[in-house]
Amino acid sequence: MKSDELPHVFPTLAVLLLTAATCAGCVSLSRNNPALPRSFALSNADSTDLAHRLLIESQAHQNMSGFHIIEAGVDGLALRVQMVRNAQRTLDVQYFIFRGDETGSVFAQELRNAADRGVRVRVLVDDGDTVKGDERILALDGYRDAHVRVFNPFDYRNHNLLLRNIDFVLHKSRLDYRMHNKLLVADNAVALIGGRNVGNQYFQLDPASQFADDDVFVGGPTVQTLSHAFDDFWNSDRVVAGTVLSKHETAEHFEPPTKLADGAGIDLLARIASGQPYASLVSQPAQLTWAAAQVVYDAPDKDKVVHHELRGRLMSQTLEKQFAAAQSDVVMVTPYFVPSEREIAQLHELRQKGAEVRALSNSLESAPDLAAQSGYSKLRSPLLADGVHLYELRSRPDSVRGSGETRQISR
């Protein structure tokens, strides 16, 4: 062997060894993933009593939809469970993260109970941020009329972080594309959308870490559009059946806790049993804000659309048009704010024509994601110099500390 070949040999051997290590706990998705049956939301918009009542209410409001913002994480959990308990025919569940912790177990058991009642349950979860225990939801796949699918899963199925990262590096072009949608639709009549995933942190029950998010309860024609969005992802070639990835053969009981309390000592199980806030939202349409709305979402094959390999929807296209049409005021709320050069140019154009631009995002202290903050922090000064108003959320309301960015991190 020539000496000048050695530098090429050692990296190759390293990659082979890492590949072999990663394959422990792998599944061959291309070989074991048969074509999945396609299914769709209910075709008629008034298939249940609730759907019929909301249809009449919508017609009384010029065919607009009704909305109500849910701010407290406690209410977000209660409303999800209550929607599931009141479903009569179908439940469509779509989340980026579905934790197997206490609140995740409560929600999963309610989905199992719904399947026992004869409700068709479809659960679609992403695989980008799963941790040990989250795979328990896969046990629902095939239980009565419950079905679970995973969007763009990793080949490596165990929980060694190093091996999982190696899997990502080896298949980055595929695994870098994730599904961040959060959606719950009951009977194609009511829906819950917003920023919350399923887990203790998102319902603000984890004493060490809590995420502030909002949900929006929806009734009316917008729900049917949201159902179509779910169907697009559910029937995508990117999904894999839960039974392909799970070692479970039958669904287990999820053993939800006998007591669940938030930081204020509120008994959440009792709160759920009270029926609120769901009962008031569906029985008192005056609690809803009736308005026109547009549903915007990326195509399941977003990466191929971006690279012009096929046609499809991109959120950015619609948002750019909305930005360009703005005359006086643009307000943004986003967990991470890392605008591209093109988006920065759009913000500059808005400022040039006198529009006020305000953006609220996380400080590093409130969302310690170094990658996102590194992209944002270097843009902070230029945006401020251009007249963009930036606001960063504190990790605690009583904290007067700044962003939490140290000199070491800045470097």
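Between the side chains of Asn113 and Gln109, at least one donor N or O sits under 3.5 Å from an acceptor N or O. For the 3.5 Å distance criterion, the side chains of Ser39 and Arg122 qualify, holding a donor opposite an acceptor. For the residue pair Arg136 / Ser105, a side-chain donor-acceptor distance below 3.5 Å is found, with atom types taken as modelled. A donor atom on one side chain and an acceptor atom on the other are found under 3.5 Å apart for Gln287 and Gln284. If you check the side chains of Asn152 and Arg174, you find a donor sitting under 3.5 Å from an acceptor. Of the N and O atoms on the side chains of Thr48 and Asp187, not one donor lies less than 3.5 Å from an acceptor on the other residue. A donor and an acceptor atom, one from each side chain of Gln276 and Ser280, are located under 3.5 Å apart. In this model, no donor atom of one side chain and acceptor atom of the other lie less than 3.5 Å apart for His228 and Asp232. No side-chain N or O of Thr90 forms a donor-acceptor pair with one of Asp92 less than 3.5 Å apart.
Remark: Leu310 CG is packed, more than 12 non-hydrogen atoms of other residues, nucleotides or ligands lying under 6.0 Å away. Around CD of Gln62, the count of heavy atoms belonging to other residues, nucleotides or ligands within 6.0 Å does not exceed 12. A 6.0 Å sphere centred on CG of Asp49 holds no more than 12 heavy atoms belonging to other residues, nucleotides or ligands. Counting non-hydrogen atoms of neighbouring residues, nucleotides and ligands closer than 6.0 angstrom, the NZ atom of Lys321 reaches no more than 12 such neighbours. No more than 12 heavy atoms of other residues, nucleotides or ligands sit less than 6.0 Å from atom NZ of Lys302.
Between Asp145 and Arg117, no side-chain nitrogen of the basic residue sits less than 4.0 Å from a carboxylate oxygen of the acidic one, so the salt-bridge criterion is not met. Look at Glu110 and Arg85 and you find a salt bridge, because one of the NZ, NE, NH1 or NH2 atoms lies within 4.0 Å of a carboxylate O, short of that distance. Salt bridge status for Asp303 with Arg238: present, with a side-chain N to carboxylate O gap under 4.0 Å.
One finds the CG atom of Leu42 at 9.5 Å from the CD atom of Gln224 (value rounded to the nearest 0.5 Å).
Cation-pi check for Arg80 over Phe107 is not met; the charged atom does not lie both under 6.0 angstrom from the ring centroid and within 45 degrees of its normal. Under the 6.0 Å distance and 45° angle rule, Arg112 counts as a cation-pi partner of Tyr143.
Leu183 has its side chain within reach of Phe230: a pair of non-hydrogen atoms, C-beta onward, lies under 4.5 Å apart. The side-chain heavy atoms of Leu288 and Phe67, taken from C-beta on, include no pair separated by under 4.5 Å. Between Val93 and Val125, the closest side-chain pair of non-hydrogen atoms is not below 4.5 Å. In this structure the side chain of Arg157 reaches within 4.5 angstrom of the side chain of Leu245, judged on heavy atoms. Side-chain contact between Leu192 and Val216: absent, with no pair of heavy atoms (C-beta onward) separated by less than 4.5 Å. Put simply, the side chain of Leu140 reaches to within 4.5 Å of the side chain of Leu111, judged on heavy atoms. A 4.5 Å side-chain heavy-atom check between Asp215 and Asp213 finds every atom pair outside the cut-off.
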(request) Could you walk me through whether Asn362 and Glu392 pass the side chain to side chain donor-acceptor pair (under 3.5 Å) test, one step at a time? (result) CA-CA 5 Å; Asn362 281 304; Glu392 296 181 11; over 6 Å; no
(request) Go through Thr222 and Thr225 one step at a time and tell me if the side chain to side chain donor-acceptor pair (under 3.5 Å) criterion holds. (result) CA-CA 5 Å; Thr222 299; Thr225 309; 5.9 Å; no
(message) Apply side chain to side chain donor-acceptor pair (under 3.5 Å) to residues Asp386 and His348 and explain how you reach the verdict.
(response) CA-CA 7 Å; Asp386 207 15; His348 177 73; 2.9 Å; yes
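Shortest non-hydrogen contact noted between Gly104 and Val198 is CA-CG1, 3.8 Å. Nearest heavy-atom pair across Arg149 and Trp234 is NH1-O, 2.8 Å.
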